[in-house]
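Worksheet: the structure to be examined is printed underneath.
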Amino acid sequence: MGRMERRQQQKQFGGFRKWSKSNNLTKRILFGIIGITLFGLLVFNILILFSDVSKLEEPEPRPTIIYDRNGEVASKISKSNIEGVHIEEIPKELIEAIISTEDQHFYKHNGINYFGITRAFTQNLLSGEVVAGGSTITQQLSKNVFLTQERTYTRKFKEVILTKKIERNYSKDEIMESYLNQIYFGEGAWGVQRAAQVYFGKDVSQLTLNESATLAGIIKAPSHLSPYKSMKKSVKRRNIVLSLMKNEGYITQVDFDKTIKQSIALTDKTNIDYKGKYPYYVDHIIDEAVEKYHLTKNEVLFGGLHIYTELNPVIQDAIEEVYQDENNFPASKPDQLIQSGSIFLNPKTGGISALVGGRGDYTYGRFNNSTKLIRQPGSTLKPIAVYTPALEQGYNISDNLSDEPLNINGYTPQNFDRQFRGQVTMYDAVVNSYNIPPVWLLNKIGIENGMHTVERFGIPLQKNDSNLGLALGGLHQGTSPLLMAQAFSAFPNNGLMMEAHAITEIKDSEGEMIGKWSEKSVQVTEPEVAQKITYMLLGAVEHGTAKKAQISGLDVAGKTGTTQLPFSGFDGSKDHWFIGYTPDIVGAIWLGYDKTNSEHYLATTSSFTAPSIFQQILTKSESELANKEFNLSLIEKQKKELEKKREKNEKKAEKEKRENEKQKKKDREKKKEKKKEKEKKKEKER
């Protein structure tokens, strides 16, 4: 080989070595990039693997729904800003509107819209700061639930990690449901359910295409696009949403043309009901669920329960309407409102049909006068403490009772009118609410018998209630309208007292039964005794102290009660009561001041107040009262005996009246004669 050839080979070999060295560097760089990339992917996936997105599995705070006796939604309980709903309850048009505006490839991508991110990244580089996001719905969900709203690359990286984790763990529908329950729609409305209520006063399931497009349009800038803030901007944005929906093929041209012509009809913002209807009834349901079904308040308030009740919406609306009119109540002092509570039961079932626990503005957890008040019941206790046990011992409604001055170991009861009639029938004593006859009668039958009867009717007593004041309802502590209504419910139900209750059954958010009412009843007295009490209380409404409770064409029985002031020197009373009933319903009404003193007391007796309130409530509820007359078939004989005795007494009273008139006439004539004689005598003396 020549010198020239050897040089040529050395040159080629040197070039190869140079190329080989250069190629190895490229490979090393290439392998390094691949290694770094693989390591980055490994770290990325490890970060995804160990990211915790289990918070999404926590059930959304769903309202507890209250159903009335007809199975219709009566109210909702929710103490959360968010009111979660299942995706099946959300209209398809709303989901499509949000996809069209927020993430058109939602069902196609795996959580990240790379084109959108690239575009946003470019905008951020050009501006020198993070100004754009390009986020998908899944990214927005991860940000809303797990991250802050700050615009930094660190937060964005965390968002991507969480987004990937969410996409791997949950289906698209689950992601969409969580997103729709978390997103903010302005006006304090978090989630689609609240938004539907705040803007349109309806459940999300009832939203129209027009309303769905409006809500979807608000998401971009809730504070600016709310129709409450700017109807013009909101309509313009809605039309853009509709256009996008049309372009995506979700609606037709006909749908588009029809909907953009529609106005956005908002609910009256001042009437947005965040607390739900019938707050006092709902408060009682919460208490009953806790006490009788051993649920916690949080379970009731946040658990998305379905509670079925005995609520009668007609009667409940009637009672609330009456309580909203201050003209139905006595005038209050400027610094304190006369309070009241009313409750109505179905005597056949014990179901609480309606209640209102107070007057004035309602606040959550406010004291409920219809269920929690403890006050002396006054004369409303007479039928239970005295007349029922007396009838059980053989007394009859036509028997005469003493109405003469009475002093038993220093106890000297007085009738309201301070008069004495010698003797009156039991019937007349009840009808006119005389005080001396029941005290005399309780002393005859024994205080212990009276106490046992009261307790049998479900009204708790204390040892120091063992005195003759029991006959007039003068208890040491007292009782509630709820327990009085429950006790009186035995009379129209032939002596069978059903336990009062509001709840019939409770189901969890998935529809599984977790509590059901089991009927509880006590035969507190015999049917004949119950009918005798009813007959006498009918008389109290027809002829006696409860005349203001009369309703034309409907049998109403009832008893008034007035309690004395706890201080002397004033003509008035502390409490007014009326417990009344028809064949289908029994109600208890109480009135009084929260704090009674020399400046705050009731100026009249209960005859002028509580029966009238009862009458107005039932008049507005007559459509629910099918039975107009009491069945008193067991006491026809006693009724006839009483009628004969009353007729005889009336004739006797009429005869005595005539004789008294004759005597008065004779006395007047004698007086005139004496006067004439005196005048003649004076004439002679002159």
Side-chain angles (χ1 to χ4, degrees), residues 66-72 74-75 278 280-282 284-285 287-288 292 307-320 322 341-357 368 370-371 384 457-459 480-506 516-525 527 530-531 533-534 537-538 549 551 554-559 578-589 613-631:
I66 309 299
Y67 298 88
D68 64 25
R69 63 195 283 262
N70 304 313
E72 300 292 331
S75 190
Y278 313 138
Y280 284 108
Y281 198 101
V282 168
H284 179 68
I285 287 170
D287 291 340
E288 193 171 296
K292 293 186 178 180
I307 303 180
Y308 296 82
T309 74
E310 298 277 8
L311 173 70
N312 185 314
V314 174
I315 302 173
Q316 184 67 40
D317 286 337
I319 191 173
E320 297 207 4
V322 169
S342 295
I343 187 166
F344 288 81
L345 312 178
N346 181 331
K348 300 293 189 295
T349 66
I352 299 175
S353 300
L355 66 84
V356 164
N368 193 325
S370 67
T371 59
I384 298 171
F457 274 75
I459 299 171
S480 67
L482 170 60
L483 291 182
M484 289 303 294
Q486 178 182 270
F488 268 63
S489 70
F491 297 133
N493 203 30
N494 279 329
L496 183 66
M497 185 179 74
M498 310 296 292
E499 184 175 338
H501 64 282
I503 298 171
T504 56
E505 62 182 34
I506 305 176
K516 191 178 179 76
W517 170 250
S518 179
E519 182 179 293
K520 298 173 184 177
S521 61
V522 180
Q523 189 73 41
V524 292
T525 192
Q531 290 189 17
I533 294 290
T534 293
L537 296 182
L538 264 170
I551 300 174
L554 180 65
D555 276 359
V556 178
K559 185 72 192 74
F578 179 69
I579 321 296
Y581 57 94
T582 75
D584 294 324
I585 197 165
V586 55
I589 316 284
I613 295 170
F614 180 92
Q615 188 269 347
Q616 290 185 69
I617 293 168
L618 258 62
T619 298
K620 296 177 184 294
S621 308
E622 275 199 86
S623 62
E624 305 301 296
L625 310 177
N627 298 297
K628 304 301 181 184
E629 297 180 352
F630 289 110
N631 177 10

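Within the model, atoms CG of Asp317 and OH of Tyr278 stand 3.5 Å from one another, a figure rounded to the nearest 0.5 Å. A distance of 13.0 Å separates NZ of Lys516 from CD1 of Ile503, quoted to the nearest 0.5 Å. Tyr67 OH to Thr309 OG1: the interatomic distance, rounded to the nearest 0.5 Å, is 11.0 Å. To the nearest 0.5 angstrom, Ile585 atom CD1 is 3.5 Å from Ile315 atom CD1. Summarising the geometry, atom CD1 belonging to Ile343 is positioned 5.0 Å from atom CG belonging to Leu355; distances are rounded to the nearest 0.5 Å.
Across every non-hydrogen atom of Ser370 and Pro481, the tightest pair is O-CB, 3.5 Å. Heavy-atom minimum distance, Met497 versus Gly458: CE-N, 4.2 Å. Nearest heavy-atom pair across Phe488 and Val586 is CB-CG2, 3.9 Å. The two residues Ser621 and Leu625 come nearest to each other via the heavy atoms O-CG, 3.7 Å. Ala530 approaches Ala490 most closely through the heavy-atom pair CB-O, 4.1 Å.
When ring centroids are compared, Phe457 and Phe491 come within the 6.0 Å threshold.
Within the structure, every pair that satisfies the salt bridge (Lys or Arg N to Asp or Glu O under 4.0 Å) test and touches residues 485-504, not counting sequence neighbours, is listed here: Lys292-Glu499. Sorted pairs that involve residues 344-357 and meet side-chain hydrogen bond (donor to acceptor under 3.5 Å, both in side chains), not counting sequence neighbours, are lacking altogether.
By the salt bridge (charged side-chain N to carboxylate O under 4.0 Å, His left out) test, Glu624 is found to be paired with Arg69, residues two or more places apart in sequence or in another chain being considered. In this structure Asp555 satisfies the side chain to side chain donor-acceptor pair (under 3.5 Å) test with no other residue, sequence neighbours excluded. For Ala502, the side-chain contact (heavy atoms from CB on, under 4.5 Å) partners at least two apart in sequence or on another chain are Tyr281, His284, Ile285, Glu288, Ile352. Residues that satisfy the salt bridge (charged side-chain N to carboxylate O under 4.0 Å, His left out) test with Lys520, not counting sequence neighbours, are absent from this structure. Under the side chain to side chain donor-acceptor pair (under 3.5 Å) criterion, Thr534 pairs with Tyr581, sequence neighbours left out. When the side-chain contact (heavy atoms from CB on, under 4.5 Å) test is applied to Asn627, the partners found at least two apart in sequence or on another chain are Pro583, Asp584. For Gln523, the side chain to side chain donor-acceptor pair (under 3.5 Å) criterion is met by no residue, not counting sequence neighbours. Every side-chain contact (heavy atoms from CB on, under 4.5 Å) that Ala549 has, sequence neighbours left out, goes to Val541, Val556, Phe578, Pro611, Phe614. Not counting sequence neighbours, the partners of Gln531 by the side-chain contact (heavy atoms from CB on, under 4.5 Å) test are Asn494, Leu632, Leu634, Ile635. Checked against side chain to side chain donor-acceptor pair (under 3.5 Å), Gln486 has no partners two or more places apart in sequence or in another chain.
The side-chain heavy atoms of Phe344 and Ile589, taken from C-beta on, include a pair separated by under 4.5 Å. At a threshold of 4.5 Å between non-hydrogen side-chain atoms, the residues Val322 and Ile319 do not count as touching. Looking at Asp287 and Thr371, their side chains never come closer than 4.5 Å, going by heavy atoms from C-beta outward. Looking at Glu519 and His501, their side chains never come closer than 4.5 Å, going by heavy atoms from C-beta outward.
Of the possible polar contacts, none joining the Asn70 side chain to the Glu72 backbone as a donor-acceptor pair under 3.5 Å is found. Counting only distance, with no hydrogens or angles, the side chain of Glu505 and the backbone of Trp517 share no donor-acceptor pair below 3.5 Å.
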Derivation of the side chain to side chain contact (heavy atoms under 4.5 Å, CB included) call for Lys628 and Thr582: CA-CA 8 Å; Lys628 304 301 181 184; Thr582 75; over 6 Å; no
